[in-house]
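Written out below as structure tokens is the structure these notes cover.
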Amino acid sequence: MKCNACHKNSCVRQVPVFLALPDHELHKVESIIESRFYTKGSLVFREGEQSDSLFVVNNGLIKLTQTSKEGKQHILRFLFPGDYFGQFALLHNKHHYATAEVVESGSICRMRREDFMPLLASNADLAFSFLMSVSEQLQQADELAGALHIFEAEKRLARLLLHLYSKQSLLSGGEEYSLHLPAAKKEFAAMIGTTPETLSRKLKKLEQMKIIRMNNRIVTILDMLSLSQIAEITV
């Protein structure tokens, strides 16, 4: 259904690319939104399908995956509330390069190409903001690809933990340095290009150094500075 109510918790107002817009422009964007609730395990779209929409996570958790020629599934990244996806296929009118699967049930907002592209064409500020946001996503993807080839597993792990914390702390208000691993160890290990055994050893080492504390899939960061130094990220 179309979202006609313009409120602070709407999809649009969670996405940084839209926040600089004045209220009357935000209302235009909100007027073209369709919202749908997805249950855990359902697919928003499949790899190879034609795209006609931009999607925004309102609540819940999404994972983007690709399947290799051998049939193995690889997690590209996780999408949290406020993240948008599908834009590359949308802008180029191409097929989706990944599958979007729901990990935690929630609502996904959708803006169809036929409605969204005219807004971009008529609003220079929105178009520029969207271009900068897409450029930032490409830069992050390049940095991640480089990290998988250059950095050792410990540094890749530290960077991914900090990334997940930064995304999840926005939702919790950042009251404590805790995060939830959104995937099993096998999948999580694949994200940083290592084995589950190596991942377990690296997590155990960080625990022994009193940098983190593990409780099942809950990770509490005890020493943010040390973890950032391992990741070579300035805090």
Report task. Working to the nearest 0.5 Å, report the span between CG of L206 and CZ of R201. Result -> 13.0 Å
Requested in this report: Applying side chain to side chain contact (heavy atoms under 4.5 Å, CB included), name anything that partners E70, two or more places apart in sequence or on another chain.
Outcome: S68
**Report entry** Side chain R113, main chain S53, donor-acceptor under 3.5 Å
**Finding:** no
Report task. Could you list the residues that satisfy side chain to side chain contact (heavy atoms under 4.5 Å, CB included) with N59, not counting sequence neighbours? Result -> S107
Requested in this report: Find out whether L203 and K205 are in side-chain contact, i.e. whether some heavy atom of one side chain is under 4.5 Å from a heavy atom of the other.
Outcome: no
**Report entry** Partner residues of K204 under the salt bridge (charged side-chain N to carboxylate O under 4.0 Å, His left out) criterion, sequence neighbours left out
**Finding:** none
Query raised in the report: If you draw a 6.0 Å radius around CZ in F37, do more than 12 non-hydrogen atoms from other residues or ligands fall strictly inside?
Result: yes
Query raised in the report: If you look at every heavy atom in F188 and L164, which pair is closest and at what distance?
Result: CE1-CD1, 3.5 Å
Query raised in the report: Which heavy-atom pair separates S200 from K185 by the least distance, and what is that distance?
Result: OG-NZ, 3.3 Å
Requested in this report: In plain terms, say whether R112 and D52 are close enough for a salt bridge, that is, a side-chain N and a carboxylate O under 4.0 Å apart.
Outcome: yes
Requested in this report: Could I get the full list of side chain to side chain contact (heavy atoms under 4.5 Å, CB included) partners for T67, not counting sequence neighbours?
Outcome: E47
Query raised in the report: Can you check whether M224's main-chain N or O pairs, donor with acceptor, with S228's side chain at less than 3.5 Å?
Result: yes
Query raised in the report: Hey, is the main chain of K40 close enough, under 3.5 Å, to the side chain of S105 for a donor-acceptor pair?
Result: yes
Requested in this report: Take Y84 and V57, measure what side chain to side chain contact (heavy atoms under 4.5 Å, CB included) needs, and give me the verdict at the end.
Outcome: CA-CA 6 Å; Y84 62 91; V57 182; over 6 Å; no
Requested in this report: Look up atom CG in L120 and atom CE in M111, then write down how far apart they are to the nearest 0.5 Å.
Outcome: 9.5 Å
Query raised in the report: Atom CD in E207, atom CE in M214: separation rounded to 0.5 Å?
Result: 6.0 Å
Query raised in the report: Would you call L179 and I221 a side-chain contact if the rule is heavy atoms closer than 4.5 Å?
Result: yes
Requested in this report: Decide side-chain hydrogen bond (donor to acceptor under 3.5 Å, both in side chains) for H74 and Q66; before the verdict, give the C-alpha distance in whole Å, the side-chain angles of both, and the deciding distance to 0.1 Å.
Outcome: CA-CA 5 Å; H74 176 64; Q66 276 186 336; over 6 Å; no
Query raised in the report: Between D83 and R77, is there a side-chain N and carboxylate O pair less than 4.0 Å apart?
Result: no
Report task. State yes or no: do I218 and L162 share one hydrophobic cluster built from I, L, V, M, F, W and Y residues joined by side-chain heavy-atom distances below 4.5 Å, directly or via other members? Result -> no
Query raised in the report: Under a 4.0 Å N-O cut-off, is there an ion pair linking D223 with R213?
Result: no
Query raised in the report: Do L225 and Q229 come close enough that some side-chain heavy atom pair is under 4.5 Å?
Result: yes
Query raised in the report: For R46, which residues count as a side chain to side chain contact (heavy atoms under 4.5 Å, CB included) partner, sequence neighbours excluded?
Result: L43, E49, T99
Query - Residues that K63 engages under side chain to side chain donor-acceptor pair (under 3.5 Å), provided they are two or more places apart - result: E187
Report task. For the residue pair L79 and L61, establish whether any side-chain heavy-atom pair is separated by less than 4.5 Å. Result -> no
Report task. Quick one: pull up CD in E30 and SG in C109 and give me the separation to the nearest 0.5 Å. Result -> 9.5 Å
Query - Side chain proximity check, L227 to L222, heavy atoms < 4.5 angstrom - result: no
Report task. Could you tell me whether a side-chain N or O of S42 sits under 3.5 Å from a main-chain N or O of Y38, the two making a donor and an acceptor? Result -> no
Requested in this report: Evaluate the side-chain proximity of Q168 to Y165: yes if any heavy-atom separation is below 4.5 Å, no if none is.
Outcome: no
Query - Residue pair V56, I108: steps toward the side chain to side chain contact (heavy atoms under 4.5 Å, CB included) verdict - result: CA-CA 6 Å; V56 180; I108 307 296; over 6 Å; no
Query raised in the report: Would a 4.5 Å heavy-atom cut-off, applied to side chains only, mark E101 and I62 as touching?
Result: no
Requested in this report: Work out which heavy atom in N58 is nearest to a heavy atom in P81; give both atom names and the distance.
Outcome: O-CB, 3.5 Å
Query raised in the report: F45 and F85: aromatic ring centres closer than 6.0 Å?
Result: yes
**Report entry** pair T65-L76: side-chain heavy atoms closer than 4.5 Å
**Finding:** no
Report task. To the nearest 0.5 angstrom, please state how far the CD1 atom of I75 sits from the CG atom of L64. Result -> 10.0 Å
**Report entry** Main-chain N/O of E34 paired to R110 side chain as donor or acceptor, under 3.5 Å
**Finding:** no
Report task. Would you mind checking if E232 and K155 are paired as a salt bridge, meaning a charged N to carboxylate O distance below 4.0 Å? Result -> yes
